Q: 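Let me give you the structure first, and then I'll get to my questions.
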Amino acid sequence: MAGGGENKLKLLGMWTSPFALRVKLALSFKGLSYEYVEEDLRNKSELLLSSNPVHKKVPVLIHNGKPICESQIIVQYIDETFPGADASLLPSDPYERAVARFWAAYIDDKLLKSWLQASMGKTEEEKAEALKETFAAVANLEAAFKECSKGKPFFGGDTVGYLDVTLGGLVSWMHAGEALYGMRLFDATRSPLLDAWVDRFGSLDAAKAVLPDAGRLAEYAKKRQAEQAAAAAAN
Amino acid sequence: MAGAEHELKLLGSTNPSPFVTRVELALALKGLSYDLVAVDLANKSDLLLASNPVHRKVPVLIHNGKPVSESRIILEYLDDAFPSTSPLLPFDPHHRAVARFWAAYIDDKYVASWGPAYVGKTEEERAEGMRQMVAAVEALEGVLREGKKPFFGGETVGLVDLTLGALIPRTKANEVLSGTVVIDDVRTPQLVAWVERFCELDVARKVLPDVDEVVEYIKMRLAQRATAADALKK
């Protein structure tokens, strides 16, 4: 394959975004090189605005000048475009692919949504309700891990797969959340399989290469909370 | 084979559901036979609860006993399991990504705006919902305008066409009941033409419910909600 511009990959991201992290994880596990652009989301670049005019969000993967948006869509794109020597991220069996897509959607639509609401909800009631929903979602995901892994180390089996990457984007925030709120999303009593998975996933070289430092994330979250509180007080 | 059960079973609803319609369109397009089981969602069957314990919703496609849930996931499953007839997604990975993007957009932005726009509790909520709905249809209009093809899928229908096409009866019903037209010749002429083209298709004629049926169903649901709200006040 000739060198030069044939497979230029550029990722527009933001270091705290779990969605951008998913894409970094996929690229890392596939051993792909790319140019990374850190976006200031309060001052979005022309490139971001023109590459994702609909949502104006990160991540955006630009491949040979063509943009792909939405983290799960980007990960599938990477999987289809760069099949690579190793196992693909999505399983090859149609039914298993559907199961993987189902739980990936669940992670964003149910787990992540409740988890965010549990700390960002406007009232104590809302937060308590969201926390209950979060634990219910964790229980479902624990069962999903059992079903998908079939006793192997990852959702993808022996090797990291689509769901590992999808959930992997949240790993550093899980540690940061524990530091900030004393709440462990996957704990050893409620969800032992997922608890073990977090450490196992986080210790892989390809993950370590891109996972942001949880301490830094916690500092960032505290800073943002202080800014928001000050803004609210000023109004 | 007379009397034999099909390998495909679709759990649908006794009432019109655009998400079930989506799957029926895909099955019809791919020429697949299946058993349709209409579930009364007010009294969910054991089969539904066992097949979709997480969400307890329809549609669920059961293929050789294995259940697949979530309409867009079912559509991709059908493409993976039955690749040789009427592929819903194109071959090129970038075009696939674009199709997936717009299919998700239709649910996340267009469908999601219906509740706030039509039954939002405050005028503010309804105005914001309507604003989002208009933005969504304008974005979809832009896709057709730039694509310059008869369908979102190009010369033939694809994932995005089925995702949006299944919503046509409900969209028309919403317009009848609210007295407001969102997809019109002035704002969205490409979409208007696309709707006509889509409804002319054999699969659409076969599968799409009548607008009147959907109007009656929505009226019934609104009346039920009003009754329930009154009962709470007493």
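These figures come from a predicted structure and were not determined experimentally. Every chain is numbered from 1 and lettered A, B, ... according to where its sequence line falls, protein lines coming before strand lines.
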Q: I'd like to verify something: which residue of B:Arg72, B:His63, B:Lys109, B:Arg96 has the highest number of heavy-atom pairs under 4.5 Å with chain A?
A: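 Looking at each of B:Arg72, B:His63, B:Lys109, B:Arg96 in turn, B:Arg96 comes out on top.
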Q: Closest approach of A:Ala98 and B:Val68, non-hydrogen atoms and distance?
A: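 Heavy atoms only, the tightest pair is CB-CG1, 3.8 Å.
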Q: Counting only heavy atoms not in B:Arg225 (residues, nucleotides, ligands), do more than 12 fall under 6.0 Å from its CZ?
A: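 Check fails, neighbour count at 12 or below.
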Q: Sort B:Ala81 into side chain, backbone, both or neither according to what part of it lies under 4.5 angstrom from a heavy atom of chain A.
A: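 Both the backbone and the side chain of B:Ala81 come within 4.5 Å of chain A.
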Q: Return the minimal non-hydrogen interatomic distance between B:Trp102 and A:Val54, and the atom names on each side.
A: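 Shortest heavy-atom contact: CH2-CG2, 3.6 Å.
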Q: Can you tell me how far apart CG (B:Asp80) and CD (A:Glu96) are? Round to the nearest 0.5 Å.
A: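 Answer for the CG-CD pair, B:Asp80 versus A:Glu96, is 12.0 Å.
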Q: Answer yes or no: are there more than 12 heavy-atom neighbours, outside B:Lys30 itself, under 6.0 Å from its atom NZ?
A: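 Yes - once you tally the heavy atoms of other residues, nucleotides and ligands closer than 6.0 Å, there are more than 12.
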Q: Tell me if the CZ atom of B:Arg56 is crowded by more than 12 foreign heavy atoms within 6.0 Å.
A: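 At most 12 heavy atoms, drawn from other residues, nucleotides or ligands, come within 6.0 Å of this atom.
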Q: Look at the aromatic rings of B:Tyr77 and A:Tyr95 and report parallel, tilted or perpendicular, splitting at 30° and 60°.
A: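 Plane angle over 60°, so perpendicular.
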Q: Side chain, backbone, both or neither: which part of B:His55 has a non-hydrogen atom closer than 4.5 Å to chain A?
A: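 Side chain only.
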Q: Within a radius of less than 6.0 Å around CG of B:Asp46, do more than 12 heavy atoms belonging to other residues, nucleotides or ligands occur?
A: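 Check fails, neighbour count at 12 or below.
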Q: B:Pro67 versus chain A, heavy atoms under 4.5 Å apart: side chain, backbone, both or neither?
A: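 Contact with chain A: backbone and side chain both.
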Q: If you look at every heavy atom in B:Ala97 and A:Ile73, which pair is closest and at what distance?
A: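 In terms of heavy atoms, the two residues are closest at O-CG2, 3.6 Å.
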Q: Can you check side-chain contact (heavy atoms from CB on, under 4.5 Å) on A:Tyr106 and B:Glu70, steps first, answer last?
A: CA-CA 10 Å; A:Tyr106 189 84; B:Glu70 298 293 285; over 6 Å; no
Q: Report the relative orientation of the aromatic rings in B:His94 and A:Tyr77; use parallel for angles under 30°, tilted for 30 to 60°, perpendicular for over 60°.
A: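 Perpendicular: the ring planes of B:His94 and A:Tyr77 meet at over 60°.
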Q: Please state whether the side chain, the backbone, both or neither of B:Arg100 comes within less than 4.5 Å of a heavy atom of chain A.
A: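 Contact with chain A is through both the backbone and side chain of B:Arg100.
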Q: Around A:Met120, counting heavy atoms of other residues, nucleotides and ligands shown, do more than 12 lie under 6.0 Å from its CE?
A: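 It does not: A:Met120 CE has 12 such atoms or fewer within range.
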